[in-house]
> 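The structure follows.
Each chain gets a letter, A, B and so on, in the order its sequence line appears, and its residues count up from 1.
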Amino acid sequence: MSNQKRLFLVDAYALIFRGYYAFIKNPRINSKGQDTSAIMGFMNSLLDVIKRERPDHLAVCFDKGGSTDRVEMYGEYKANRDATPEGITTAIPHIYNILKAMHIPIMVKEGYEADDVIGTLSRQAEKEGYKTYMVTPDKDFAQLVTENVFMYRPVFGGGYETWGIPEVKKKFEVEDPMQVIDFLGMMGDSSDNIPGLPGVGEKTAKKFIAQFGSMEGLLANTDQLKGKMKEKVEANGKLGLLSKKLATIMLDVPVEFDAKDFELDHPDVEKVKEIFQELEFRRLTENFLKTFANDSSASTNSTPQESREQKTEQPTPKEKKSAGAGQFSLFGTDPSNDTKADSEYTRKTAETTPHFYQSVSTGLATKLFLKNLMNQASVCFDTETTDINPITAELVGIAFSWEVGKGFYLPFPENKDEAQELIEQLRSFFESETIEKIGQNLKYDIKVLAKYNVEVKGKLFDTMLAHYLINPDMRHNMDVLAETYLNYTPISIETLIGKKGKNQLSMREVPLDKQTEYAVEDADITLQLKEHFQNELGEANTQKLFDDIEVPLLRVLADMELEGINLHKGFLNGLSEELDKDIKALEEKIYKEAGKEFNIASPKQLGVILFEKMKLVDKPKKTKSGQYSTAEDVLSYLAKDHKIIQNILDFRGLSKLKSTYVDALPTQVLEQTGRVHTDYMQTVAATGRLSSNNPNLQNIPIRTERGRQVRKAFIPRNEDYTLLAADYSQIELRIIAALSKEETMISAFKNGEDIHASTASKVFNVPIEEVSREQRSNAKTVNFGIIYGVSAFGLSNQTDLSRTEAKELIDTYYATYPKLRNFIHDQVDFARDNGYVQTVLGRRRYLKDINSRNAVVRGAAERNAVNAPIQGSAADIIKIAMINIHKKLIEGDFKTKMLLQVHDELVFDVYKPELEDIKTLVKTEMENAYQLDVPLDVDLDIGDNWLEAH
DNA sequence: ACATGAACTTA
DNA sequence: GTAAGTTCATGTT
């Protein structure tokens, strides 16, 4: 049996899909904007199988043109499948090329699915004495399992399981794997759109199989069933038999198993390397070389020259050098000694990497360490604390590293005074202007240290910010970065302190040796990442953006967050009670109108009430998940005809207001400071904007009278202070006017005209003083539409214009502002040519879908190409203003503090005696942050709360 | 306990 | 039509 030859048949699409979705949260995009997730995922699986099992025969099977037979039987077959994602269709040609270069045969047959091809080949191989392993996660294959045919299933979390007859029997509760067909036929398969018997799911199907053995057996004995189930089965006998047929994998596909052809041969290494290089697979290349490394000793064709020769010949699988099957066993080794540990992925960890991490506790060691530390030019550090909130966190330790693979950890005593003593010894390091400090998310560490009265001075390098500029669309947490760029899996925080929730430990409770390994590893990795990103910043031309904007801004944000803002809790409590009364009253009305009590906040229940019970509409709109849509725009449409609808909309608005703002905000006041401290995210928004959370202070209501009351709760520090809000007027329109050099629009801004009225006057060809409200409003909508990348469709949705009217309006608009249209086209062209667009400061956004064949996907990318430079440039400009204002406030020793940023607005807590100076300072810095051909204009407002200051 | 979708808030 | 975050209900682990 051990000598029996083994054939592996790979179900290509199943593994490709699996690989693609494994990366769906964090798609692999290379510098050319290609989504390589699917290729990467598939190749990982393929190499994994080869490495683990060292098959002597292998082929990869694809579907082609779907199953004509099955579609003929049942028109709906696979009809409700979503279109194959673009990331997959574009991957297929690459995968074909790689397989060809690897000399692995590709099996496809027009009009058949991979299942059928694999089934047929497995039967032929069985006759020739092979053991066949079908590499697929798809359960349908279980029907093919015999004594010599197995499923080889990848399992989540890595590894594989082999399903033979016993496993299939157990899983499906059948006597014979063939009964899997009956099982699938009965319960159906929603992904293939096999109907199955109505009302029969997994449980019932298993019961039927046990009782009747097969679909035919069931249909012949329906007298033994009862009730509804009996009726249903009897009525759907035909559907059941059809379903069984659809679920049956064919064994007579016109393909042939050719043992010689299927032998796993040596790949054309150079060719594969070339393709991988093109796709920018670094780790995979190593993995590939490693996989095929240990067979080369005996083989002659592994030298570069040889391989190149082979390439210039015919690199098709057919062109094999004849090598006796047994003698030329590629891998030579017995698969059984290929241990699990060996194949457990190639990513490095602390365990597999030499390192020297040391904790420093004694006084003498600390002295030596400090001396050494102060001699460095550049040091990476990372603080470990008791809390994720830096304001309440206490230091548990600090890790330092300045040499790859080495580092030190200083544990901090729990006693506050002793901790302060230790930090005092580090003060000269942190406050040194000459030593560069490296870290991942330095804003956190800086805030922690600020609580110990230590300021971090000198040049900074934040790896998270660096990567945000290099690839803003990815995520930037350290684990992802380490895995992507260093092929290294760091120790997870969970292995130290446990899963979050009930019994999570504090870092303080972790044994010192574990703390040391974890903390110094973080510093070590961050140091390595810095070396990596340093060059990439230059390549992406974003070095200046990094040094002059993002890094300085980090200190500004740290100060704003530490400062927090004063909140009038009592006022919100009063508001909450009012809202509560009104919400209850609305509830009463709604229940009465509906004739039933239900959860109004549940879209599902609400949909049933409105569209099934009350039947307000003939054909209700559905969401993609099949529920009735009760979205705002759908309901608004009905509001004038049905009183209940307006009440529901009001209910929703008030509930949101109460739960998200009025009730939530007071709970976010930090005990220690009595203020609300938001956290600005500097690396989240793809355009370069900031985002705010815990709580989000960038979406405090303002549009409705009721909502804007919440702003009254944001108040100055005390009576000596007042709030100042400074906001850019029309900054995005000014930017697009300046960038497009559209003179008409530029001069309107220069003359201080009302830009929407001015646009209306030109588009509708009336004198500016005769522009009607409606005309101005439509012009305003188009102006905004331009910023978002207009379509006639979108515009007509926003206004009461029809699609054609909207189209006409856009055409006239472009005729009025021809350079604006050119600008838009230029942005899209630039994106097509370069794969990215950029802001005034060179901040890039990569647009992988800009050349997509799918018009919807491409359209979205085109709108991004227009919007990102505008939204992003506005973000750049306010960031410059913030940095400059922050600097001036410190230099001038002002008591006034900058508190909030809301995209185009800054809010200050102004010390009253400084008011006039601050007004001038803020307006000047904001208006002169960046020189455009259009003047920037800033409105200032002052008040005793945020609403008055507007 | 955790993830997702719908709905609602902002610039 | 762009960019975000929070809450609630619901379904899965």
> How long is the line joining OH of Tyr788(A) and C1' of dT2(C), in whole Å?
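About 6 Å, once rounded to whole Å.
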
> Give the rounded distance in Å between these two atoms: CG of Leu657(A) and C1' of dG5(C).
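So the CG-C1' distance, Leu657(A) to dG5(C), works out to 16 Å.
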
> For a quick test of reading the model: is some side-chain N or O of Arg652(A) closer than 4.0 Å to OP1 or OP2 of dC8(B)?
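Affirmative; the distance criterion is met.
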
> Check each residue of residues 706-714 of chain A for a non-hydrogen atom within less than 4.0 Å of any atom in DNA chain C, then write out the ones that pass by number, or none.
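Contacting residues: none.
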
> Quick one: Asn778(A) CG to dG1(C) P, roughly how many Å, whole number?
16 Å

> Mind jotting down which residue pairs meet the salt bridge (Lys or Arg N to Asp or Glu O under 4.0 Å) criterion with at least one end in residues 868-878 of chain A? Sequence neighbours excluded, please.
Arg843(A)-Asp876(A)

> For a quick test of reading the model: is some side-chain N or O of Arg703(A) closer than 4.0 Å to OP1 or OP2 of dT10(B)?
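Checking Arg703(A) against dT10(B): at least one side-chain N or O falls below 4.0 Å of OP1 or OP2.
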
> Applying a 4.0 Å non-hydrogen cut-off, can you work out what Ile786(A) is touching in the nucleic acid: base, sugar-phosphate, or nothing?
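Nothing, no nucleic acid heavy atom in range.
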
> Which part of the nucleic acid, if any, lies within reach of Ile700(A) when heavy atoms closer than 4.0 Å are counted: base, sugar-phosphate only, or nothing?
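Sugar-phosphate: the residue Ile700(A), judged by heavy atoms under 4.0 Å, touches backbone atoms but no base.
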
> Can you list the residues that meet the salt bridge (Lys or Arg N to Asp or Glu O under 4.0 Å) rule with Arg821(A), with sequence neighbours excluded?
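Applying salt bridge (Lys or Arg N to Asp or Glu O under 4.0 Å) to Arg821(A) gives none.
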
> Side chains of Asp939(A) and Ser729(A) only: does a donor on one sit below 3.5 Å from an acceptor on the other?
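Result is no, nothing qualifies.
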
> Counting the atoms with a prime plus P, OP1 and OP2 as sugar-phosphate, which does Thr781(A) contact under 4.0 Å by heavy atoms, base, sugar-phosphate, or nothing?
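Base, at least one base atom sits under 4.0 Å.
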
> Is any side-chain heavy atom of Met882(A) less than 4.5 Å from a side-chain heavy atom of Met898(A)?
yes

> Expressed as a whole number of angstroms, how long is the span from Glu732(A):CD to dG1(C):P?
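The answer, rounded to whole Å, is 18 Å.
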
> Heavy-atom contacts under 4.0 Å between residues 899-908 of chain A and DNA chain B, which residues?
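Going residue by residue through residues 899-908 of chain A, the ones with a heavy atom under 4.0 Å of DNA chain B turn out to be Val902(A), His903(A), Asp904(A).
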
> Is a donor-acceptor pair below 3.5 Å formed from side chain Gln871(A) to base dT2(C), judging by atom type as modelled?
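Indeed there is one.
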
> For Ile645(A) and Leu616(A), run side chain to side chain contact (heavy atoms under 4.5 Å, CB included): C-alpha distance rounded to whole Å, both residues' side-chain angles, the deciding distance at 0.1 Å, then the answer.
CA-CA 10 Å; Ile645(A) 299 290; Leu616(A) 294 188; 3.9 Å; yes

> Would you say dG1(C) has OP1 or OP2 under 4.0 Å from some side-chain N or O of Asn864(A)?
no

> Could you label the plane-to-plane angle of the Phe611(A) and Tyr628(A) rings as parallel, tilted or perpendicular, counting under 30° as parallel and over 60° as perpendicular?
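Judged by the thresholds at 30° and 60°, the geometry between Phe611(A) and Tyr628(A) is tilted.
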
> Without decimals, in angstroms, what is the distance between Ile583(A) CD1 and dC8(B) P?
14 Å

> Specify the separation, in whole Å, of atom CG of Leu697(A) and atom P of dA11(B).
13 Å

> Do Lys848(A) and Asp473(A) meet the salt-bridge criterion of a basic N to acidic O distance under 4.0 Å?
no

> So, is Arg863(A) close to the dT2(C) phosphate, meaning a side-chain N or O under 4.0 Å from OP1 or OP2?
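Answer is yes, contact under 4.0 Å.
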
> Would you indicate what Ala686(A) reaches in the nucleic acid, counting non-hydrogen atoms under 4.0 angstrom: base, sugar-phosphate, or nothing?
sugar-phosphate

> With no hydrogens and no angle check, just 3.5 Å: does a side-chain donor-acceptor pair link Gln901(A) and Gln698(A)?
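Gln901(A) vs Gln698(A): donor-acceptor pair found between side chains.
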
> Can a side chain N or O of Ser691(A) be found less than 4.0 Å away from OP1 or OP2 on dG5(C)?
yes

> Where does the angle between the aromatic ring planes of His756(A) and Phe784(A) fall among parallel (under 30°), tilted (30 to 60°) and perpendicular (over 60°)?
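The arrangement is tilted - the two ring planes meet at 30° to 60°.
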
> So that I can tick it off, tell me whether Arg652(A) and Glu632(A) are bridged by a salt bridge, with the cut-off set at under 4.0 angstrom between side-chain N and carboxylate O.
no

> Separation of Ile850(A) atom CD1 from dT2(C) atom P, in whole Å?
13 Å

> If you look at every strand shown and take non-hydrogen atoms under 4.0 Å, does Val866(A) touch a base, only sugar-phosphate, or nothing?
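Counting heavy atoms under 4.0 Å across all strands, no contact is made by Val866(A).
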
> We want to know whether Asn573(A) and Glu577(A) form a side-chain donor-acceptor pair, criterion being a heavy-atom distance below 3.5 angstrom.
no

> For Glu927(A), give me all partners under salt bridge (Lys or Arg N to Asp or Glu O under 4.0 Å), at least two apart in sequence or on another chain.
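Testing Glu927(A) for salt bridge (Lys or Arg N to Asp or Glu O under 4.0 Å), a comparison that skips the adjacent residues, returns Lys923(A).
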
> Atom CD of Gln730(A) and atom C1' of dA11(B): how far apart are they, to the nearest Å?
12 Å

> Compare all side-chain heavy atoms of Leu496(A) with those of Leu505(A) and state whether any distance is below 4.5 angstrom.
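Side chain of Leu496(A) against side chain of Leu505(A), heavy atoms only: no contact under 4.5 Å found.
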
> Under 4.0 angstrom, heavy atoms only, what part of the nucleic acid is Phe784(A) near: base, sugar-phosphate, or nothing?
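Contact class for Phe784(A): none.
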
> What string of B, S and - do you get for nucleotides 6-13 of chain C, 5' to 3', if B is base contact, S is sugar-phosphate-only contact and - is no contact with any protein heavy atom under 4.0 Å?
BSSSSS--

